[in-house]
Amino acid sequence: MSHAFRLSFTVNGEPAEVLVDSSKTLLEVLREDLNLTGTKHGCELGECGACAILVNGEPVLSCLALAVEATDSHVTTIEGIGQGGQLHPLQDAFADLGGAQCGYCTPGIILTAKALLDRTPDASADQIKEALSGNLCRCTGYLQIIESVQKAAEEMRLRPDLQVRGTET
Amino acid sequence: MMRLPAFTYRAPRTVGDAVLWLAESPTDTMLVAGGTDLLPNMKRRQQTPKTVIGLKGIAELTGIRASGHLSIGAGTTLTALVNSADVRSRCLGLWQSAAQIATPHLRNMGTLGGNLCLDTRCTYYDQTEEWREAIGYCMKKDGTTCWVATSSKRCLAVSSTDTAPMLLALGATVTLVSAKGTREVAVADLYNNDGMQYLTRRADELLTSIDIPDQTGWASTYWKLRRRGSFDFPVGAAAIALKRDAGGRVELARVVLGAVASQPMPSPKAEAILVGQVLSDDVIAAAAEAAYDVAKPMDNTDFELVWRKKMVRTLVTNALRELRGDDMRAVRMSLAKQVL
């Protein structure tokens with residue numbers, strides 16, 4: 001039935017190679033084989049957005065992606081967007097403005113917001129809401145999340161040098 | 001954690017290889033494009049194929065080609081469809097239907113072909129294996145009874161695709177390829193009103209492209225009912241396309257409802273009422289009433305069924321008023337809860 005295959009791809013800018021089963025999702029491989037547990041498993045059915053990561057720069061749900069289909073792709077997870085000890089401006093803003101409360105939805109939201117700001121640095125509030133409309137949050141009421149993304153966008157416009165890793169596509 | 005059942009994965013690079021491999025054992029092989037419908041179903045053991053054929057590596061399945069007509073590869077993502085200026089300018093209704101599917105993440109993954117082949121949905125079916133076991137399963141999978149209406153001879157699961165009603169209204173056709181040959185099928189003939197055998201596609205066929213005829217002179221619109229401004233499948237929808245003369249008199253009309261049966265449901269009576277008329281309030285009301293008559297929502301989705309049926313009138317009325325030129329932006333925003 002299922003068989004092991006050698007998955008070779010780029011994770012957070014570094015080459016990764018791992019022997020995995022063909023029925024594993026990308027979420028399972030990231031968390032269980034690569035120990036990148038920053039990506040959360042929520043509903044596992046595409047109904048919450050907690051497992052969102054970037055594949056070739058685009059937000060996708062890792063719980064509904066077959067790992068085998070990630071071959072040769074560039075994957076960015078929450079672990080890959082800071083630089084050394086320095087947080088990404090989005091992480092800073094979420095911490096400063098209460099954009100993260102319990103934090104479970106935060107990795108998926110920050111990566112989704114990063115993809116938006118990489119493409120649309122001056123995104124409007126409506127564009128932010130639309131981009132994040134696939135990420136559920138049970139704590140914040142969303143207002144602080146939108147404010148956090150707006151603040152990060154402002155920082156990133158003022159200090160382009162802060163736009164660090166994870167932009168490879 | 002809900003794990004996928006074990007399966008053999010194969011990744012063809014061409015349509016030719018895909019259909020050859022599919023022909024080896026069509027009934028226990030499934031095709032996966034975006035995976036956003038199949039993988040949740042497999043996790044819940046609604047489908048347990050022995051072999052899964054991944055279509056992502058087939059370059060010839062993607063792309064939008066616009067000449068007089070519009071030809072869309074079945075593997076084109078919904079995001080690519082929404083970002084296409086050709087789609088938006090030529091068939092606004094198709095753009096509106098695709099833009100309201102699920103969420104941005106799911107549109108980045110899901111494809112137009114996948115949305116057309118979307119499994120029918122039901123509150124007694126879209127549940128975990130344990131949940132379904134607890135009720136003795138249902139007719140659609142592993143059981144014999146339809147729990148929506150226990151005397152029903154057929155499965156009443158709901159057609160929940162947003163693009164199919166609209167493509168039907170646009171007069172679109174699809175291309176189905178198998179190892180035995182290729183055939184073109186009108187979207188109108190792609191579906192059965194049966195929650196189990198909802199597609200007329202054979203198990204050995206691959207849906208490769210969608211063709212929309214020249215829309216010169218036509219205008220289209222799509223109105224969707226759902227609880228939230230994202231995520232949710234439709235629980236009612238109106239897809240309408242009209243061709244009108246210079247005086248605004250309707251020459252041809254197509255009125256198709258979504259999510260009120262096991263297939264996209266046309267209303268020939270509503271179409272007949274519209275043809276030859278200008279869109280007065282009375283004509284719109286009569287067409288909405290005719291559409292209301294064919295809607296047969298069952299008690300197996302979100303929201304209460306009598307209200308869903310009543311909302312068909314509202315959706316058709318709103319759609320026709322918008323095509324007439326009324327400013328419906330505020331009404332649309334209140335229903336769609338999404339900038340469209």
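Given the structure is predicted, the values throughout are model-derived calculations rather than measurements. Chain identifiers are assigned alphabetically (A, B, ...) following the order of the sequence lines, protein sequences preceding nucleic acid strands; residue numbering begins at 1 within each chain.
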Under 4.5 Å from any heavy atom of chain B, what part of [X] do you find: side chain, backbone, both or neither?
X	answer
A/Ala131	backbone
A/Gln127	neither
A/Cys63	both
A/Leu132	neither
A/Val60	both

Quiz item: Side chains of A/Cys48 and A/Tyr104: does their closest heavy-atom pair fall under 4.5 Å?
Solution: no
Quiz item: If you round to the nearest 0.5 Å, how far is CD of B/Glu60 from OG1 of B/Thr208?
Solution: 8.5 Å
Quiz item: Atom NE2 of B/His105 and atom CZ of B/Phe231: how far apart are they, to the nearest 0.5 Å?
Solution: 8.0 Å
Self-check item: Residues B/Asp119 and B/Lys140 bridged, charged N to O under 4.0 Å
Solution: yes
Considering only heavy atoms, which portion of [X] lies under 4.5 Å from any heavy atom of chain A: side chain, backbone, both, or neither?
X	value
B/Met109	side chain
B/Met42	neither
B/Arg228	side chain

Quiz item: Out of B/Asp162, B/Asn83, B/Ile101, which residue meets the side chain to side chain contact (heavy atoms under 4.5 Å, CB included) rule with B/Leu78?
Solution: B/Ile101
Self-check item: A/Lys129, NZ: over 12 other non-hydrogen atoms inside 6.0 angstrom
Solution: no
Quiz prompt | Crowding at CZ, B/Arg3 (>12 non-hydrogen neighbours, <6.0 Å) | solution = yes
Quiz item: What residue, out of A/Cys43, A/Gly46, A/Gly134, has the most heavy-atom pairs lying under 4.5 Å from chain B?
Solution: A/Gly134
